[in-house]
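Here is the structure we will look at.
Only heavy atoms go into these numbers, but all of them, side chains included; no hydrogens, no water, no symmetry mates. Whatever order the structure lists ligands and atoms in, that order sets their numbers, starting from 1. By convention here, the first residue in the shown sequence is residue 1.
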Amino acid sequence: MEIAKEAVAGGADWIEIGTPLIKSEGMNAIRTMRKAFPDRTILADMKTVDTGAMEVEMAAKAGADVAIVLGSADDSTILDALRSAHKYGVRLMADLISAPDPVKRAVELEALGVDYINVHVGIDQQMIGKDPVSILMEISEKVGVQLAVAGGLDSESAAQAVRAGARIVIVGGNITRSDNVTEAAKKIRKSVDSPESVDIRDRGTVDQEIREIFKEVSTSNISDAMHRKGAMKGIHPLVRGKMVGPAVTVQCFPGDWAKTVEAIDLAKPGDVIVIYNESKDIACWGGLATLSSLNKGIAGVVIEGAVRDIDEVENLGLPIYTSNTVPNAGDPKGFGEINAEITCGSQAVKPGDYIIGDESGVVVVPKERAYELARRAKEVNKEEKRLFDEIRRGGTLSEILKLKKWEKI
Ligand SMILES: O=C([C@H](O)CO)[C@H](O)[C@H](O)COP(=O)(O)O
């Protein structure tokens with residue numbers, strides 16, 4: 001309710017009762033919003049896939065103005081949902097989320113007579129890099145029905161969507177998870193009203209985007225996004241500093257530091273050197289290796305094993321995470337491997353996996369899922385910012401999370 005009030009204050013015309021809220025609170029969510037916002041359009045994201053007439057009736061009787069049916073539902077469901085919508089005086093929006101051929105289906109849905117088509121890329125799909133605006137561009141050339149758009153929109157993509165023909169812009173997380181909902185809604189409102197005035201940033205390469213997000217979020221956010229996987233055990237910050245980069249892995253052996261130092265020459269600027277050296281009592285890293293790494297532009301070092309020259313490495317300032325410190329060093333014997341898969345801090349690390357370190361420790365993000373997990377960590381981060389804001393306003397954490405309600409029974 002608070003979020004809805006703040007979003008309306010920022011210029012939202014419609015209030016979408018999202019599917020998770022409907023699943024949590026049922027039709028009462030719609031009733032409550034209807035009462036609180038008599039002059040706003042209430043959109044019920046029912047995501048109906050069967051019994052179209054019954055679900056539209058439920059939404060209509062609870063006070064919705066528009067109900068959403070899945071565009072990929074059978075035509076019989078869409079048609080019966082439409083009959084029910086006409087009977088109860090509500091409008092029907094067909095949502096193209098996960099439609100195998102959204103352009104073809106949009107043409108069919110228009111012919112079936114829906115009031116709106118929502119070009120929607122779902123939250124999980126957004127995390128793997130899909131966006132609705134490119135699909136919208138194609139669809140808007142093929143249909144005349146009013147188009148809505150949804151799926152991770154921010155002020156830039158909202159402007160692009162309006163330019164591409166969207167009449168309704170549905171924004172979720174970038175408003176609801178913002179720490180200032182009214183300001184976030186105002187920003188979107190401005191983009192929707194004057195889309196031509198919005199500058200569209202170049203987001204750079206995927207790798208740049210991944211690095212940028214990992215620099216912004218914490219290892220705790222990433223661990224949450226990975227469902228508690230990925231955190232190294234027994235590895236702690238020695239020289240503090242945020243560290244983000246792809247791994248160059250080193251497997252070496254007790255008393256041998258040749259491969260750790262050779263890895264510095266192989267690593268590229270921005271890489272993180274990740275070393276497994278079994279010995280806690282003979283260091284495989286020290287001040288000279290640290291200075292050499294700094295010259296090379298390396299982002300940081302992780303060592304399961306030991307580091308020495310602690311005064312020097314602290315002064316040099318390169319982020320170092322390790323399991324131990326000790327004064328002894330070994331010799332350069334030359335055993336071991338560079339860029340083989342290793343285990344460090346009980347985590348498997350492949351060359352190129354993203355390594356992120358901060359005050360809480362180190363996490364390993366498999367390279368194949370780096371983009372998705374960066375995006376998911378960013379969502380966790382947004383959610384936490386919102387919670388911080390609610391606690392600052394005086395709520396307790398358990399009240400805000402409704403802990404009692406959601407405890408297992
Ligand atoms: O419909 C939605 C999603 O499927 C969860 O129910 C969202 O409301 C919609 O995607 C808009 O949210 P954002 O993608 O966070 O902008």
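Remark: Lys402 NZ to Ser24 OG distance equals 8.0 Å, nearest 0.5 Å. Here the CD atom belonging to Gln126 is positioned 6.0 Å from the CD1 atom belonging to Ile123, to the nearest 0.5 angstrom. In this structure, CD1 on Ile170 lies 4.0 Å from CG on Asn118, to the nearest 0.5 angstrom. With values rounded to the nearest 0.5 angstrom, Asp353 atom CG is found 9.0 Å from Thr249 atom OG1.
Between Trp285 and Tyr276, the distance from one ring center to the other does not fall under 6.0 angstrom.
Against a heavy-atom cut-off of under 4.0 Å, Gly172 is close to the following atoms of ligand 1: 11 (C), 12 (O), 13 (P), 15 (O), 16 (O). Ligand 1 places these atoms under 4.0 Å from at least one heavy atom of Thr19: 6 (O). Of all atoms in ligand 1, listed by their number and element, those nearer than 4.0 Å to a heavy atom of Gln126 are 14 (O). Interface of Pro20 with ligand 1, defined as ligand atoms under 4.0 Å from a residue heavy atom, comprises 6 (O).
At a 3.5 angstrom cut-off on N or O pairs, Gly173 counts as close to ligand 1.
In this structure, the protein non-hydrogen atom closest to atom 4 (O) of ligand 1 is Lys47 NZ, 2.8 Å. At the shortest separation from atom 8 (O) of ligand 1 among protein heavy atoms lies Glu16 OE1, 2.9 Å. Shortest contact from atom 9 (C) of ligand 1 to any protein heavy atom: His120 NE2, 3.5 Å.
Ligand 1 has Asp45 within reach: a non-hydrogen atom of the residue lies less than 4.0 Å from it. At least one heavy atom of Gly152 sits less than 4.0 Å from an atom of ligand 1.
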Query raised in the report: Given the rule in the salt bridge (Lys or Arg N to Asp or Glu O under 4.0 Å) test, do Glu341 and Lys350 qualify, once you have shown the distances and angles that lead to the verdict?
Result: CA-CA 5 Å; Glu341 182 170 331; Lys350 302 185 297 307; 5.9 Å; no
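Evaluated for a side chain to side chain donor-acceptor pair (under 3.5 Å) with Glu379, the options Lys382, Arg376, Arg375 yield exactly one hit, Lys382.
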